[in-house]
Every structure is written in structure tokens, then in C-alpha cells.
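Index from 1, following the sequence. Any value given below was found using the heavy atoms of this structure, including those in side chains, with hydrogens, waters and symmetry copies removed.
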Amino acid sequence: MYAQVVPLRRMPRALSVLDYRIPRGMKVHAGSLVQIPFRTRKIFGVVNALSKTTHVPEKSLQDVQNVFGSKPLLSEPQLHLAQDIARRYATPLPTVMTATCPPLQSRKLKTIKISALTPPPKHGFESRYLWYRDTKEKHRWFGEHWPKDDEQILIIVPEKWHLHEWEDIVGTHVTLSSDLSPKEHFERYFTIRNGEIPLILGTKIALFAPYKNLTHIIVDFEHSPHHKNWDQAPRYHARDAAVQLAELWQCPVTIMSHTPSVESAARLTAHSFMRTHTETPQKHIRIIDLKEEHQKKNFGIFSDAAHEAIARAIEERKDILVMVHRRGAYTAVSCRDCGRIERCANCSLPLIYHEQDKQLHCHPCHRTQPLRETCAFCRGPRMVFRGVGTQAVEDAVRAILQSSPYTVHRADADSDIPRFDVERPAAVVGTSRALSLVRWGRMGLVIFNDIDGFLSLPEYRATAEFVGLVRDIQYLAPAHAAILLQTREPQRLVLGALQSGGLGEWYREELSLRQQLHYPPFWSILKLTYWGPSYDDAFRAATEMTAKLQRLTEGAKNAMLTHPYAAHPAIRKGLHGIVVLLRTPTPVILDQLALAEGWKVDVDPLQLLS
């Protein structure tokens with residue numbers, strides 16, 4: 001008998017599964033955790049399948065060295081999920097398996113007992129959606145679906161800070177997220193496998209834990225882009241993987257949010273919340289027209305209405321949050337004479353000025369350069385700053401609050417985690433990172449200093465992500481908190497929808513636009529990015545891939561292929577990036593592409609440019 005083993009280490013796709021001989025008397029199952037010889041050392045692996053035959057010559061075969069536990073570590077549904085994820089996202093199966101396992105040590109494994117898998121009650125697969133309005137409604141729903149003692153329920157949230165709300169709801173539970181220590185990860189991994197605690201809370205990595213009898217899956221805040229594994233392979237979406245896992249376990253899955261993603265809204269068109277208007281405006285949202293402020297000669301960061309709202313918050317000793325689109329002090333430096341913008345010599349993106357070191361920074365390339373007093377192109381002396389970032393807004397807030405008892409903090413990728421004084425109110429200036437750090441119970445005012453920066457991004461998901469961000473704040477902030485949106489385009493449909501609380505018209509327009517442009521949820525997007533040592537090498541590989549995709553989709557109806565274009569930024573870590581984009585009504589089978597090293601695969605990406 002032979003075991004087809006997935007090594008728990010980095011391997012090329014062609015060597016994802018290796019054959020080993022099972023010694024006489026050793027009990028090995030599909031899903032068993034084993035130790036195998038690999039080159040000059042022993043490594044861990046998971047048995048993918050058993051076979052009576054092998055194509056490997058007998059003299060080249062090696063024996064499985066050890067098996068941990070008499071029962072399989074992974075159930076059949078968990079094995080199939082890993083296999084399907086690897087296939088769909090063109091990722092080596094060992095990469096998927098390794099990402100889901102804790103650091104393993106033979107010494108620790110010898111003390112672990114792996115219990116028998118319990119066949120779960122056959123609830124049958126069903127995909128449901130809960131569109132809740134507030135925390136109370138979510139609490140009430142979960143109380144009605146409280147699990148039995150022997151049933152495992154998995155609750156997935158986008159980021160670790162979202163776990164806190166669920167921890168107050170569920171009582172005894174085990175959490176699983178990527179920031180655990182090796183010891184914590186190991187212990188919780190086997191706690192879940194043996195079914196010792198039925199309620200599991202986690203981020204997307206928890207989808208791959210070794211469940212014993214999974215009976216219900218919940219995906220909360222499903223609109224959040226953080227459910228997408230965008231920065232490393234496999235680039236899966238937790239919502240899609242959860243539905244797939246529920247089908248494999250034949251259990252119900254509940255997708256939920258206070259604001260459905262556009263993808264989910266496509267199936268909720270008959271929902272009562274899809275009406276255009278609600279009875280009451282949403283949490284004091286106010287739209288501020290910056291053009292009117294300019295007519296009043298107010299060219300500062302904050303409008304008159306914002307100054308008045310800050311004064312009220314100071315009087316009531318409420319916390320203040322100012323949302324800014326970009327970090328740094330100013331988002332561009334340009335010449336007033338010729339209009340030239342200072343750009344990164346490596347990737348050509350505009351450089352961002354940081355006040356702390358008086359340098360121009362390129363965030364993607366991690367490069368800096370001094371600020372020039374004259375234009376490098378026309379030698380003009382009139383260099384001006386454009387667009388404010390978190391540092392400039394922080395300085396403005398400090399100036400306003402200098403005679404008040406407030407502490408002022410900045411929350412972006414360049415700052416430390418704020419430490420609040422319990423006795424004093426606080427003002428926080430930050431990017432979306434600030435949402436996990438502020439004291440929502442004490443929040444009295446939220447100001448978006450310039451929402452046009454959020455909405456002007458040339459990405460098809462930009463508006464939806466902004467809606468999700470504002471609605472997150474509405475959900476988290478107290479009922480009395482005021483929200484001010486400063487903009488130069490107050491006539492945007494999305495702003496009226498946010499102010500009234502009736503998102504139906506905006507959803508319908510967004511879905512219509514996506515359908516016309518052949519974007520998800522109506523079509524699937526395959527984004528292939530090649531990173532090569534030179535532009536010519538990358539463009540040559542992308543041209544060959546385009547020809548291959550043309551042949552592959554030649555008989556397919558409605559396939560739309562975008563010819564190669566430069567990634568954004570075009571150079572990253574010394575490599576040149578070229579993107580090939582394919583839109584099809586159904587996902588492409590990537591096994592037919594035989595992707596070489598250097599290709600990055602993203603199915604239904606969050607961004608098309610970067």
C-alpha cells in the first residue's frame with residue numbers, strides 16, 4: 001500500500017504530492033499526519049490519499065517513518081477544501097497545507113491524542129443571508145441559533161479586533177488567528193480537532209482548521225475587503241471558501257453584515273432594506289460642500305461646520321476621529337510654473353512629503369529623497385505642496401485643541417498604537433487603521449476631511465469600499481455621534497444614499513454598472529501578474545500568456561482579454577510587473593495554463609491596477 005503525501009514545506013506545483021511506501025502493520029489514513037524522509041532529513045506531511053499502485057520505481061521508494069495518532073488529523077471535507085483552493089488559485093498544495101498547520105515538533109506530537117471524527121448531523125447545505133441593522137439584532141439572531149453542546153460552529157470575521165463583539169456574545173470559545181504564538185497556535189489547533197470547545201472564532205485562517213464535526217459556518221462583516229487574502233498565495237476570499245466548506249460538510253452557512261457587499265446585494269434585490277429611503281436619517285450624517293467653503297475664502301483643512309462640530313465635542317468632552325485617505329504630510333509636491341510632480345525614479349509614483357524627516361517618500365519602494373527647492377525640470381522656484389495626509393491634519397487638530405484637555409494621536413502605518421488617558425478625551429487622526437484603535441463608546445464626532453480622495457481611486461471597488469468604511473463607523477459609533485463628510489462633489493448618488501440610509505438605489509446603479517463592464521458578481525476576473533528582472537522579460541512573458549489565453553478561450557463565448565499593461569507601481573523590489581486580465585462568465589480552469597515561476601494569480605482581485 002502506498003501513501004500520497006503532501007510535504008509540509010515549500011514545493012513546486014509539479015511536486016505537490018510524493019509517493020511513499022506504508023510499512024507493514026502501520027495504520028495510515030487519508031488525512032493522517034506523518035513523518036517522511038525528504039532528501040537528508042525528516043519532515044512532516046499530510047496523507048492526501050492512499051493507493052494500491054505507484055508510478056515510482058520500487059528502488060526509489062522510501063517508507064513513511066512515523067504516523068501521529070491512530071486517527072486522521074484532517075477530515076475528508078478539510079482535505080477537499082485544501083485541494084480545491086490549490087486548484088482554483090494555482091497554488092502548490094503544500095503551500096496551502098503549510099499555511100494552515102501550526103509549527104510541529106515530534107516531541108509535542110507524541111503527547112497529543114487525536115480523537116475519532118464524529119459524523120456531523122446531516123443538516124444539509126444551505127446558504128443564508130442576515131442583513132442586520134445593529135448589534136442587538138445580531139445578538140438576538142445568534143440566541144435563536146445557539147448550538148448544541150456537541151456541535152461545532154465556526155464564526156469568521158475579517159480582522160482580529162472584530163472578534164471582541166463576538167466574544168461578548170458566545171461565552172466559552174477558542175480563537176484562531178494568524179498572530180498567535182507557535183505554542184498558542186499548536187494548542188488551539190488540536191483543541192479544535194478534538195472538539196473540546198464547540199465555538200470557534202477566527203479570521204480567515206480558521207477555515208482550514210481540523211474540525212471534528214462542523215455543523216454551521218458564519219461569516220460576519222462580509223463586506224470587508226480584509227476577508228480577501230490579497231497579499232500572498234492562495235489569494236482566496238473567506239466568503240467563497242466558507243460556502244465551499246459548508247457544501248463539503250453539508251451544513252448551513254450564514255453570510256451576514258450590516259451592509260452587504262455588492263456581490264451579495266445581487267441576490268438580495270427583493271430585501272426590504274433595498275428600498276431607496278429609510279424612515280430616519282442615519283446617525284447625523286452631514287455632507288459639507290468644500291466649494292462653498294472656498295467661496296467663503298475658507299481654504300483650510302476643516303470647514304466652518306467642522307469647526308463648530310469640534311467645538312461641541314470639546315464642550316461635551318467627547319472623543320473625535322478624523323479620517324484621512326493618505327499618510328504623510330502632503331500627498332504630492334509640484335512645480336507651480338510647469339506643473340511637473342515629483343515622482344519616484346524607481347516606480348514613477350508621486351512622492352509623499354513627510355514632515356518628521358523633511359524627506360520625500362515612496363511608500364511602495366521604501367525609498368526617500370530630499371525635498372528640492374527648485375524644479376528639476378524647469379528650474380522654477382515655486383514648489384508647492386498638494387493634498388494633505390495624516391501628519392498635516394494632525395498638526396491642524398493639535399492647533400485647534402491646544403487649549404483643551406485633549407490628547408491627540410495619529411493612527412496610520414507610520415505611527416505607534418495610541419495609548420489613551422482614561423481621564424482625558426482624545427482626538428485621533430488616521431487612515432482606516434484607526435477603526436480598530438479608537439474608543440467607540442466615547443466617540444462624539446467623526447470627520448472625513450476629504451472623501452474625494454477615497455472615491456477618486458481608478459478601481460471598480462473604490463466606491464463600495466468607501467460605503468463599507470462609512471457604514472462600519474455608523475455601526476460602531478454611538479447613536480449621538482455626528483459624522484461629517486467633506487467633499488467637492490456633494491451631488492454624488494452614494495452620498496445621498498449614505499445620508500438617507502436607503503442604499504437600494506445606489507446598489508442598483510452599482511450592479512448595473514458592473515454588469516455593463518463585465519465585473520463581479522456577473523463575470524469572473526482572472527488577474528495574472530508577471531514579475532521579471534527587466535521590463536522586456538516581463539512584457540515578453542505577458543505577451544506569451546496573452547496568446548495562450550487567446551487559444552484557451554477561442555471557443556468560449558464572451559471572454560474578454562485585456563492586453564498586457566504595467567502593474568502599479570511598475571517596479572517592486574527590483575522586479576518589473578506586467579498584468580494580463582481575463583474576464584469570463586465562468587472561472588477559468590488554471591490547470592490548463594501551466595504557469596511558470598514569477599506569475600502571481602488573483603481571482604476576482606480587490607484591485608486591477610496594483
Side-chain angles (χ1 to χ4, degrees), residues 231 299-302 306-307 310 319-336 340-376 381-421 424-439 445-454 456-457 469 486 568-569 571-573 610:
D231 58 343
F299 298 101
I301 291 174
F302 295 112
H307 280 285
I310 291 172
D319 282 5
I320 300 168
L321 171 62
V322 183
M323 297 294 297
V324 186
H325 178 57
R326 298 293 295 272
R327 57 192 168 110
Y330 299 97
T331 58
V333 179
S334 66
C335 174
R336 185 169 286 176
R340 180 181 179 275
I341 296 175
E342 290 278 9
R343 296 183 178 273
C344 174
N346 184 55
C347 70
S348 300
L349 288 179
L351 293 169
I352 295 174
Y353 178 69
H354 282 241
E355 185 66 40
Q356 291 172 331
D357 59 3
K358 311 294 185 184
Q359 296 275 312
L360 296 175
H361 289 242
C362 177
H363 294 152
C365 298
H366 304 288
R367 293 162 67 104
T368 61
Q369 70 181 51
L371 176 65
R372 297 189 176 115
E373 294 182 358
T374 58
C375 176
R382 299 196 297 169
M383 303 298 290
V384 293
F385 295 122
R386 300 191 184 278
V388 295
T390 52
Q391 293 177 10
V393 176
E394 179 190 13
D395 291 341
V397 171
R398 287 188 184 278
I400 294 171
L401 300 176
Q402 60 182 341
S403 59
S404 302
Y406 276 72
T407 58
V408 180
H409 309 271
R410 179 159 48 88
D412 58 21
D414 298 322
S415 61
D416 297 327
I417 296 175
R419 293 186 177 182
F420 297 106
D421 185 337
R424 301 170 65 187
V428 178
V429 177
T431 58
S432 57
R433 181 173 182 260
L435 267 64
S436 63
L437 304 174
V438 299
R439 303 180 296 191
L445 174 64
V446 180
I447 302 173
F448 282 77
N449 84 301
D450 185 357
I451 66 169
D452 301 324
F454 292 89
S456 62
L457 292 173
L469 177 60
Q486 298 188 158
H568 185 77
I571 303 174
R572 183 177 294 167
K573 297 181 180 178
S610 57

Donor-acceptor contact present, side-chain Q356 to main-chain Q391, <3.5 Å: no

Donor-acceptor contact present, side-chain R572 to main-chain P364, <3.5 Å: no

Plane angle bin for H354 and H361 - parallel if under 30°, tilted between 30 and 60°, otherwise perpendicular: tilted

R424 side-chain N/O to P405 backbone N/O, donor-acceptor pair under 3.5 Å: yes

Separation of H568 NE2 from S348 OG (nearest 0.5 Å): 10.0 Å

Derivation of the side chain to side chain contact (heavy atoms under 4.5 Å, CB included) call for Y353 and E342: CA-CA 10 Å; Y353 178 69; E342 290 278 9; over 6 Å; no

Backbone of S415 reached by a side-chain donor or acceptor of D412 within 3.5 Å: yes

Atom CG of D357 with >12 non-hydrogen neighbours under 6.0 angstrom: yes

Steps toward side chain to side chain contact (heavy atoms under 4.5 Å, CB included) verdict (N449, V429): CA-CA 10 Å; N449 84 301; V429 177; over 6 Å; no

Atom of R343, atom of P350 and distance for their closest heavy-atom approach: NH1-CD, 3.4 Å

Atom pair CZ (R326) and NE2 (H363), whose distance is rounded to the nearest 0.5 Å: 7.0 Å

Between CD on residue Q369 and SG on residue C362, distance to nearest 0.5 Å: 9.5 Å

Heavy-atom side-chain proximity of Y330 to V388 below 4.5 angstrom: yes

Heavy-atom pair of closest approach, residues A427 and V397: CB-CG1, 4.0 Å

Nearest heavy atoms of G389 and V324, plus distance in Å: C-CG1, 3.7 Å

Shortest non-hydrogen contact between P370 and L360, atoms and distance: O-CD1, 4.0 Å

Side chain to side chain, I417 and R433, heavy atoms closer than 4.5 Å: yes

Side-chain heavy atoms of D450 within contact of H325, under 4.5 Å: no

Beyond-backbone contact of I447 with I310, side-chain heavy atoms, under 4.5 angstrom: yes

Pairwise side-chain contact, L351 with R367, heavy-atom cut-off 4.5 Å (strictly under): no

Residue pair E394 / T390, side-chain heavy-atom distance below 4.5 Å: no

Any I320 side-chain heavy atom under 4.5 Å of Y406 side chain: yes

Any donor-acceptor pair under 3.5 Å from D319 side chain to A426 backbone: yes

Nearest atoms (heavy-atom pairs only) where I301 meets A392: CD1-O, 3.9 Å

Note, K358 side chain near L371 side chain (heavy atom, < 4.5 Å): no

Distance-minimising heavy-atom pair for F302 and V393: CZ-CG1, 4.1 Å

Flag for R386-S334: side-chain donor and acceptor within less than 3.5 Å: yes

